[in-house]
Structures are given as structure tokens and as C-alpha cells.
Amino acid sequence: MAIRSVASRKTLAALKETSSRLLGFRGIQTFTLPDLPYDYSALEPAISGEIMQIHHQKHHQAYVTNYNNALEQLDQAVNKGDASTVVKLQSAIKFNGGGHVNHSIFWKNLAPVKEGGGEPPKGSLGSAIDTHFGSLEGLVKKMSAEGAALQGSGWVWLGLDKELKKLVVDTTANQDPLVTKGGSLVPLVGIDVWEHAYYLQYKNVRPDYLKNVWKVINWKYASEVYETECK
């Protein structure tokens, strides 16, 4: 299973490179699907390998493909002076571009247990969490509750408000990035609560997914972003 998933990822990488060259040759900035720093099955039992593979290869890849297509159409519309098409493309760019941005963060927010996934944050981020939420448990409870209560599809975030110099918990609908809630917000941890992130394993019980995903949250990555943005 692991060998097959590695092979499929190599094939996908080759296709991505070919697609990027073709579009790049035409002078349009393109985006590619990022590789995962761990195998698809590495987050089990919190998140199954099947979910990770489909989520990464199918869903995230679709956002990247559609984002590139929309950008290509936008370039053509701008060159033609077609203002109505430029306006019409904005929703596709926001949705698919947001999907790419959010998922690129999400993969970094996860880590196998043997590589530190689930280990509590230390240092300045750990202290800030205690200050703003009382404890890590308080933060987890708040984010899990808001993620479970989010109607439809979307994301629940732990962010840093650089302007107010404080941590915030917020949600975004669909594939809206956290920055759509405020230009000073920097995402530290984002949890995908679209059904494709958990349904094959947890069915329609989103709270169970939100309970277990914390076992593989990469607090080391979140801490690095926090320390960089606080400088």
C-alpha cells in the first residue's frame, strides 16, 4: 500500500511538472500541488491513508488545476479588455485559489505522531495560548466547538492578529482564506471541516474528527510561524 502510494505520488509529480512547463511556456504564472512531507498513511489512526490520498491527489489537485485555468482565462480577458469576464472570474479565483492556499497550510499543520504530531506547543506560542485561552485544552475546546457548529463547509482557524498582537479563533466559509476576515490575520493552525476531510472515516460525525485531529497537529510548525510573525 505504501509502495503504491509513493509510486502514484511520483507519477502525479511528473504530471504536475509537465503541466507547469506547458503553461509556463506561455508566460502565465502557474501553481503546482505541493508534495506531502509524510506518507498518506502516516497520520493513522487519526486520519486514514485513503482520506489523505484522495484529499491530496483529487481535491487539492482540482483546486490547483481550476485555479490555473481561471488565471489563464483572466490573462486572456485582461489582454482583450473584456471587463465582464474579468469580473465573472473573480469567484472562481477566490474559491480555487483559496482552496490551494488553505490546503497548502493544512498539510503543514499535520504531522505523524512519531514526528511530533500532537505534542503541545512550547515557548512563546504556548505562553500566548495560555494567556488568551487559559490553556491548550481551552483552545482545543473552543476551536472544536466552533468547527463543529460551522454550517456547511469551511475551516476553523487559530490565527495571529498582528495589529492587535493577540491570538484569535475564527471560521471561514467554503475555501475562504483567513485573510478574508482581516488583512492583519496570519493563520497558525487551520482545520478543514469540509466533509471530504473526514467523511470516509467518521461519516457525518464531525465532532469525532475534530476530537482526533488534534493528535496529529504540528504545533512545531505553528510555533515557527508565530515566532516569525511576532518579530
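In what follows, residues are counted from 1 in the order of the sequence shown.
In this structure, R206 contributes its side chain and L150 its backbone to a donor-acceptor pair below 3.5 Å. Under a 3.5 Å cut-off, the side chain of E44 and the backbone N or O of G49 do form a donor-acceptor pair. A donor-acceptor pair is defined here as one N or O able to donate and one able to accept, closer than 3.5 Å; such a pair exists between the side chain of N96 and the backbone of A92. Counting only distance, with no hydrogens or angles, the side chain of N218 and the backbone of Y221 share a donor-acceptor pair below 3.5 Å. N68 contributes a side-chain N or O that, together with a main-chain N or O of F31, makes up a donor-acceptor pair within less than 3.5 Å. Remark: the backbone N or O of Y199 is not paired with any side-chain donor or acceptor of N204 at under 3.5 angstrom. In this structure a side-chain-to-backbone donor-acceptor pair under 3.5 Å is missing from D176 to T172. At distances below 3.5 Å, not a single donor-acceptor pair connects side-chain atoms of D82 with backbone N or O atoms of V78. Using a distance-only test at 3.5 Å, with no hydrogens or angles considered, no donor-acceptor pair links the side chain of H56 to the main chain of Q61. Remark: side-chain polar atoms of W157 are not paired, donor with acceptor, to backbone N or O of V189 under 3.5 angstrom.
The shortest distance between side-chain heavy atoms of L167 and F133 falls below 4.5 Å.
Salt bridge E229/K162: present, at least one basic N to carboxylate O contact under 4.0 Å. A salt bridge links D170 with K181; the closest basic N to acidic carboxylate O contact falls under 4.0 Å. Under 4.0 Å is where a charged nitrogen must lie from a carboxylate oxygen, and between K142 and E146 at least one such pair does.
There is no side-chain donor-acceptor pair under 3.5 Å between E50 and Y40. A donor-acceptor contact closer than 3.5 angstrom links the side chains of W107 and H60. With no hydrogens or angles considered, a side-chain donor-acceptor pair links Y202 and N212 at under 3.5 Å.
Of the listed residues (L164, V168, T180, V179), just one forms a side-chain contact (heavy atoms from CB on, under 4.5 Å) with L185, and that residue is V168.
Classification of the W155-H103 ring pair by plane angle, with boundaries at 30° and 60°, yields perpendicular. Ring-plane geometry between F106 and H55 is classed as tilted, the angle between the planes lying from 30 to 60 degrees on a 0 to 90 degree scale.
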For L125 and E227, what are the C-alpha separation, side-chain angles and deciding distance, and is it a side-chain contact (heavy atoms from CB on, under 4.5 Å)?
CA-CA 8 Å; L125 177 58; E227 290 172 7; over 6 Å; no

List the steps, then state whether side-chain contact (heavy atoms from CB on, under 4.5 Å) holds for K108 with V225.
CA-CA 11 Å; K108 295 175 183 178; V225 174; over 6 Å; no

CA sep, side-chain torsions, deciding dist, call: Y209, Q201, side chain to side chain donor-acceptor pair (under 3.5 Å):
CA-CA 8 Å; Y209 159 69; Q201 184 174 356; over 6 Å; no

